[in-house]
Amino acid sequence: HAGEAHRTDLMTITRYVLNEQSKHPESRGDFTILLNHIVLGCKFVCSAVSKAGLAKLIGLAGDTNVQGEEQKKLDVLSNEVFIKALVSSGRTCILVSEEDEEATFVQPPLRGKYSVVFDPLDGSSNIDCGVSIGTIFGIYMIKDAHEPTIEDVLQPGKNMLAAGYCMYGSSCTLVLSTGSGVNGFTLDPSLGEFILTHPDIKIPQKGKIYSVNEGNAKNWDGPTAKYVENCKFPIDGSPAKSLRYIGSMVADVHRTLLYGGIFLYPADKKSPNGKLRVLYEVFPMSFLMEQAGGQAFTGKQRALDLIPTQIHERSPVFLGSYDDVEEIKALYAAEENTK
Ligand code: P6P
């Protein structure tokens with residue numbers, strides 16, 4: 001049946017996670033249930049984002065729609081959907097969202113043992129021009145059943161049990177790692193299922209692309225400026241790299257993961273900690289990069305070793321192909337040695 005058009009070994013994200021769960025006989029399926037609720041949130045946001053353009057066209061967007069209802073901004077709507085899905089899963093105890101200044105503490109009887117940090121719709125300023133945007137999430141286990149406090153979620157990224165993103169673009173792609181590699185699943189709208197389309201993603205050891213907002217160049221520090229200079233005018237005579245910058249982290253990271261290269265959001269004079277948030281942008285993407293054979297660096301240390309002190313803390317980040325990140329690490333180390 002080689003010529004058959006339809007593959008019959010449909011590996012859905014649910015089956016994949018159940019297979020992973022079977023490797024942990026002690027597991028009671030809590031993680032699977034949690035993940036299924038995250039997947040449900042992604043399906044809802046995928047549907048809402050794809051209609052956003054249409055809503056704009058037929059005048060549903062703006063302040064009120066034809067029913068005179070208050071039209072919620074997509075990122076606010078997405079946040080509400082994820083908070084409700086995660087709380088109703090009965091498996092979470094602390095939720096940190098980019099949209100909420102304070103963390104959400106889930107009370108018994110719905111309290112579970114996981115903490116989820118997430119950006120419900122990262123890059124949402126790009127919706128109106130049709131650029132891909134996404135949900136980014138990370139999952140921690142909360143150690144023991146004491147009354148949870150915010151300290152329980154201020155853990156280094158290396159403690160994450162899982163991380164992933166869902167990109168809402170030409171297709172809806174969910175990229176996930178539960179600590180044993182990275183897999184990509186694409187939503188088949190006719191089935192309403194995420195199907196395994198990118199098994200065991202490995203990022204190329206070295207890439208030909210660099211991804212940074214060159215508009216901040218005048219504020220960069222020495223090592224970043226030198227690294228980008230080397231990308232454009234290689235001193236070893238190798239070909240210059242290509243610049244690809246979409247300005248939507250999920251899209252820039254997804255391209256970096258699949259094609260290789262380096263994504264940089266450096267510190268600069270205006271923003272000494274860069275722009276991206278540690279818990280729900282830097283950590284999940286760094287976790288995925290390491291699981292795919294790449295690495296992530298803050299300019300001072302391995303990104304996943306960082307211990308945040310605030311839930312919305314920022315950090316510079318350089319992530320992507322292993323060899324490319326090594327090069328910028330060497331430039332920061334050299335600067336350290338001259339101090
Ligand atoms: P800049 C989008 O607003 C975002 O948070 C990330 O998705 C993206 O990588 C970054 O900011 C873009 O920032 O300063 O280059 O526009």
Side-chain angles (χ1 to χ4, degrees), residues 42 45-46 49 52 73-79 82 96-101 117-138 157 163-169 172-175 207 209-221 224-225 227-228 231 242-259 261-289 294 296-299 303 308 310-320 324-325 328:
C42 292
V45 173
C46 176
V49 165
K73 277 166 58 75
L74 262 183
D75 44 8
V76 172
L77 181 68
S78 305
N79 187 49
F82 276 107
V96 171
S97 168
E98 190 270 345
E99 286 291 327
D100 296 331
E101 193 50 40
V117 295
F118 64 101
D119 187 343
L121 205 55
D122 184 84
S124 51
S125 56
N126 292 293
I127 290 181
D128 292 349
C129 62
V131 163
S132 298
I133 54 180
T135 299
I136 310 172
F137 62 89
Y165 58 81
C166 190
M167 185 172 77
Y168 311 109
C172 179
T173 303
L174 200 156
V175 172
I209 297 169
Y210 74 105
S211 186
V212 69
N213 183 339
E214 290 260 12
N216 298 329
K218 68 181 179 310
N219 297 319
W220 290 339
D221 64 20
T224 289
Y227 178 76
V228 173
C231 289
S242 289
L243 169 59
R244 292 284 183 275
Y245 193 70
I246 303 168
S248 175
M249 188 184 197
V250 172
D252 278 316
V253 168
H254 189 61
R255 183 207 52 250
T256 304
L257 190 63
L258 296 186
Y259 295 0
I262 186 168
F263 171 82
L264 312 87
Y265 208 106
D268 66 37
K269 295 190 195 84
K270 284 185 312 176
S271 341
N273 285 323
K275 174 184 183 182
L276 300 179
R277 309 287 184 169
V278 173
L279 277 180
Y280 42 77
E281 287 176 315
V282 173
F283 279 169
M285 297 315 205
S286 301
F287 185 94
L288 290 169
M289 281 298 162
F297 178 62
T298 66
Q310 307 280 339
I311 57 172
H312 297 295
E313 188 172 309
R314 301 170 194 263
S315 168
V317 67
F318 308 90
L319 57 79
D324 295 337
V325 178
I328 197 155

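We count ligands from 1, going down the list as the structure has it; atoms in each ligand are counted the same way.
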So, using side chain to side chain donor-acceptor pair (under 3.5 Å) as the criterion, who are the partners of N219 when residues are at least two apart? none
Would you call the rings of F263 and Y245 parallel, tilted or perpendicular, taking 30° and 60° as the class edges? parallel
Listed once per pair and sorted, the salt bridge (charged side-chain N to carboxylate O under 4.0 Å, His left out) pairs that draw on residues 246-257, sequence neighbours left out: D252-R255
Any donor-acceptor pair under 3.5 Å linking the side chain of D119 with the backbone of E98? no
Tabulate distances under 3.5 Å between N/O atoms of ligand 1 and N/O atoms of the protein, writing both atom names on each line.
| unit_1 | atom_1 | unit_2 | atom_2 | d |
| --- | --- | --- | --- | --- |
| ligand 1 | 7 (O) | D122 | OD2 | 2.4 |
| ligand 1 | 7 (O) | M249 | N | 2.8 |
| ligand 1 | 9 (O) | M249 | N | 3.3 |
| ligand 1 | 11 (O) | K275 | NZ | 3.0 |
| ligand 1 | 13 (O) | K275 | NZ | 3.0 |
| ligand 1 | 14 (O) | Y265 | OH | 2.6 |
| ligand 1 | 15 (O) | N213 | ND2 | 3.0 |
| ligand 1 | 15 (O) | Y245 | OH | 2.6 |

List the atom pairs, donor and acceptor, that lie under 3.5 Å between side-chain atoms in residues 274-282 and the rest of the protein, sequence neighbours left out.
| unit_1 | atom_1 | unit_2 | atom_2 | d |
| --- | --- | --- | --- | --- |
| R277 | NH1 | H312 | O | 2.7 |
| Y280 | OH | H312 | ND1 | 2.7 |
| E281 | OE1 | R277 | N | 2.6 |

Minimum heavy-atom distance between S132 and M167, given as atom pair plus value: CB-CG, 4.0 Å
